[in-house]
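Right, one structure below, let's go through it.
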Amino acid sequence: MTLKASLIVDKDFVVGEIDERIYGSFVEHLGRAVYNGLYEPGHPSAGEDGLREDVLALVRELRVPIVRYPGGNFVSGYNWEDTVGPRAERKRRLELAWRTIETNEFGLNEFVDWTKKANAEVMMAVNLGTRGIDEARNVVEYSNHPGGTYWSDLRRSHGYERPHRIKTWCLGNEMDGPWQIGHKTAAEYGRLAVESAKAMKWVDSSIELVACGSSTLQMPTFPDWEATVLDHTYEHVEYLSMHQYYGNAEDDTPTFLARSLQMDQFIHTLIAVCDYAKAKQRSKKTMLLSFDEWNVWYHSHAADAARDPWSIAPPQLEDVYTHEDALVVGCMLISLIKRADRVKMACLAQLVNVIAPIMTATGGGAWRQAIFYPFQHASTFGRGRALVPLVRSPKYDTKEITDVPYLEAVAVHDEAAGQVTVFAVNRHLEEALPLEIDLRSFGECRVIEHLVLENENLKAVNTERDPERVKPHAGGDAAVDGAKAAARLAKASWNVIRFSVS
Ligand code: AHR
């Protein structure tokens with residue numbers, strides 16, 4: 001078979017404006033994400049506040065506009081009050097989600113300080129596992145009320161005169177999962193979520209809320225969970241959450257690379273459920289999606305299962321990412337961009353050390369994992385309008401997933417900058433894919449650069465000793481001829497083709 005694919009990029013075929021918050025990330029009190037990740041007092045790169053500047057520099061490279069905190073499963077046993085005020089008085093707690101000891105040395109205010117240095121907003125989650133309405137309204141008052149009340153004055157007494165103005169709040173985490181502390185039925189959660197939402201918005205009407213959707217597409221309660229939760233919460237929340245992780249434990253790379261098709265289907269179905277709820281409630285509001293946990297996660301499962309409980313900040317979920325993982329992350333990013341009309345927030349889970357694009361050695365260096373690059377490219381160049389991807393591509397079948405296009409692609413038009421960027425993955429493991437791009441609606445086009453992430457070894461990884469085994473180069477061959485461009489997409493590669501357009 002002669003391989004050949006094509007993509008039509010037309011500025012009038014608009015999916016929607018990309019909300020930059022789809023390039024968000026996530027920091028949980030888990031493993032070495034916070035301790036020895038963000039925060040390591042005494043580290044050569046840390047200032048007086050203990051924040052690692054080498055990590056911050058890499059986070060800034062990712063241009064992450066919003067970071068979810070403090071969990072994750074952790075939030076369902078979280079007492080935010082333990083994390084504020086003088087450090088010497090903070091309580092140590094058994095942390096039941098990940099079976100560690102939480103010292104609370106780093107807390108809510110320290111995280112807000114960190115996000116300022118990282119140029120990001122906070123997406124804060126409240127505990128609807130062991131706690132509820134009272135805790136939720138109090139933490140909004142502590143964080144956002146200017147002063148003159150018990151909780152807001154407590155914040156001021158902690159050295160934060162001005163309110164944090166945290167705009168985005170998650171109503172718990174994965175409450176559909178039996179592993180969750182305080183797991184609930186959809187009806188139980190729906191009731192608690194709506195009453196918490198009302199109280200939180202009575203404290204601060206400017207906030208936006210995210211209700212918990214299903215933990216994965218595979219949950220037996222999906223999509224009834226969403227339908228029931230929306231029955232209760234529709235008019236009181238702005239977003240419904242989605243979570244999804246993929247792995248390649250079976251070492252079946254063609255299937256692994258095709259997983260993003262299931263992510264497309266997940267988003268598609270959830271939009272249908274939201275629109276059903278809208279019709280049922282005769283609502284004028286359109287529910288938006290917050291894909292606030294997504295990534296590849298499987299390399300660390302065995303090591304984590306073998307670990308003893310009750311230590312402080314042990315290495316947990318420390319996946320070392322391969323080149324093929326980076327391709328899957330690239331495909332997942334394309335899935336998010338393709339639904340920019342409804343997916344308005346998303347968080348790569350997570351940011352540092354824990355299933356993360358950035359790794360650190362305690363007392364040592366910080367480096368970029370393979371998945372760092374597609375995320376950085378999308379976050380940097382994927383701003384503007386998402387265009388409908390009119391793709392023609394040869395396809396393949398796996399046992400589980402059929403009609404998988406070798407080409408996964410989407411284009412983004414940044415009108416202000418006069419640029420179009422095509423993100424493209426060639427899923428073919430043996431052959432390059434010639435791609436023709438029809439830029440018919442644009443005038444003069446010029447290739448700015450064609451970045452390529454390719455590797456002879458699908459399992460190649462970056463480590464502290466060898467941090468650049470997987471890294472992109474700018475040697476792609478994209479070229480323009482009139483209103484058409486042509487490029488050769490290397491086998492198993494991630495590509496970013498940037499055009500200047502008139
Ligand atoms: O990101 C790791 C964990 O995955 C989160 O704590 C939880 O929400 C999800 O199951």
Side-chain angles (χ1 to χ4, degrees), residues 17-29 33-34 37-39 49 51 55-72 74-75 78 80 83-84 106-126 136 139-146 152 155 160-173 197 200-201 203-211 237-243 288-294 333 336 340 343-352 356-358 375-376 378-380 382-384:
E17 283 297 326
I18 295 171
D19 189 319
E20 63 169 16
R21 294 173 304 167
I22 67 167
Y23 305 119
S25 189
F26 174 32
V27 169
E28 179 164 5
H29 276 255
V34 171
L38 269 47
Y39 173 76
D49 54 9
L51 301 179
V55 171
L56 274 162
L58 292 176
V59 172
R60 284 187 212 109
E61 279 185 26
L62 289 176
R63 299 190 61 198
V64 170
I66 192 164
V67 184
R68 184 165 173 254
Y69 176 85
F74 171 83
V75 81
Y78 180 60
W80 69 270
T83 79
V84 295
F106 185 97
L108 194 162
N109 293 318
E110 287 83 24
F111 184 68
V112 171
D113 290 342
W114 180 85
T115 54
K116 288 197 176 121
K117 286 191 152 186
N119 303 326
E121 276 177 45
V122 179
M123 180 196 281
M124 186 78 195
V126 297
V139 68
V140 177
E141 184 179 322
Y142 179 92
S143 303
N144 288 7
H145 197 70
S152 57
R155 180 199 70 242
Y160 295 85
E161 180 60 32
R162 301 235 305 270
H164 296 322
R165 295 203 179 86
I166 299 174
K167 188 176 167 201
T168 312
W169 296 78
C170 302
L171 296 164
N173 176 71
M200 291 164 79
K201 286 191 172 172
V203 175
D204 180 353
S205 60
S206 72
I207 62 174
E208 292 190 329
L209 298 175
V210 186
V237 304
E238 284 68 39
Y239 306 89
L240 189 63
S241 79
M242 311 177 68
H243 292 178
L288 301 172
L289 301 179
S290 172
F291 212 128
D292 47 41
E293 286 188 34
W294 67 270
L333 282 159
L336 296 172
V343 180
K344 292 294 177 185
M345 295 194 286
C347 303
L348 174 67
Q350 299 191 10
L351 187 56
V352 183
I358 298 169
F375 188 89
Q376 181 192 30
S379 175
T380 306
R383 305 207 182 200

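Below, each value reflects all heavy atoms present in this structure, side chains not excepted, and no hydrogens, waters or symmetry copies.
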Sequence neighbours excluded, which residues qualify as side chain to side chain contact (heavy atoms under 4.5 Å, CB included) partners of [X]?
X: A125; value: P70, V75, C170
X: V203; value: R137, V140, E141
X: E17; value: R385
X: A197; value: L171, L209, H236

Centroid-centroid distance, F106 to W114, less than 6.0 Å |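 No, too far apart.
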Value rounded to 0.5 Å, distance of [atom1] in [X] from [atom2] in [Y]:
X: I166; Y: Y69; atom1: CD1; atom2: OH; value: 10.0 Å
X: L336; Y: I18; atom1: CG; atom2: CD1; value: 10.0 Å
X: L240; Y: S290; atom1: CG; atom2: OG; value: 9.0 Å
X: I22; Y: R383; atom1: CD1; atom2: CZ; value: 9.0 Å
X: D292; Y: N173; atom1: CG; atom2: CG; value: 8.0 Å
X: D113; Y: L38; atom1: CG; atom2: CG; value: 11.5 Å

What residues form a side chain to side chain donor-acceptor pair (under 3.5 Å) with [X], not counting sequence neighbours?
X: T115; result: none
X: S152; result: T149
X: N144; result: D204
X: K117; result: D49, E53

So, E110 versus Y39: side-chain donor-acceptor pair below 3.5 Å or not?
->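 No, no side-chain donor-acceptor pair sits under 3.5 Å.
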What I'd like to find out is whether the side chain of [X] reaches to under 4.5 Å of the side chain of [Y], using heavy atoms alone.
X: W169; Y: V139; result: yes
X: R165; Y: S206; result: no
X: M242; Y: L289; result: yes
X: M123; Y: C347; result: yes
X: V210; Y: V237; result: no
X: I207; Y: T168; result: no
X: F111; Y: V122; result: yes
X: V64; Y: N119; result: no

Flag the pair K344 and E20 as a salt bridge only when some basic side-chain nitrogen lies within less than 4.0 angstrom of an acidic carboxylate oxygen.
->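 E20 and K344: not salt-bridged.
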For [X], ring-ring contact (aromatic ring centres under 6.0 Å, His included) partners two or more places apart:
X: Y23; result: none
X: H164; result: Y160
X: F26; result: none
X: H243; result: none

For the pair S379 (side chain) and L62 (backbone), establish whether a donor and an acceptor sit closer than 3.5 Å, ignoring hydrogens and angles.
->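 Yes; judged by distance alone, with no hydrogens or angles, the pair exists.
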Can you tell me if E28 uses its side chain to pair, donor with acceptor, with the backbone of Q350 under 3.5 Å?
->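 Checked: no pair found.
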Tell me, with the steps shown, if H29 and T83 meet side-chain contact (heavy atoms from CB on, under 4.5 Å).
-> CA-CA 12 Å; H29 276 255; T83 79; over 6 Å; no
How far apart are the C-alpha atoms of R155 and E161, what are their side-chain angles, what is the distance that settles it, and do they pass the salt bridge (Lys or Arg N to Asp or Glu O under 4.0 Å) test?
-> CA-CA 7 Å; R155 180 199 70 242; E161 180 60 32; over 6 Å; no
How far apart are the C-alpha atoms of F74 and V34, what are their side-chain angles, what is the distance that settles it, and do they pass the side-chain contact (heavy atoms from CB on, under 4.5 Å) test?
-> CA-CA 12 Å; F74 171 83; V34 171; over 6 Å; no
From the options E121, E238, E208, select the one residue that forms a salt bridge (charged side-chain N to carboxylate O under 4.0 Å, His left out) with R21.
->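 The option that passes is E208.
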Step-by-step side-chain contact (heavy atoms from CB on, under 4.5 Å) determination, F291 to M345 | CA-CA 6 Å; F291 212 128; M345 295 194 286; over 6 Å; no
What pair of heavy atoms forms the shortest contact from G37 to V55, and how long is it?
->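 Between these two residues, the closest heavy atoms are O-CG2, 3.4 Å.
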Neighbour count above 12 (heavy atom, 6.0 Å) for R60 CZ |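 Yes.
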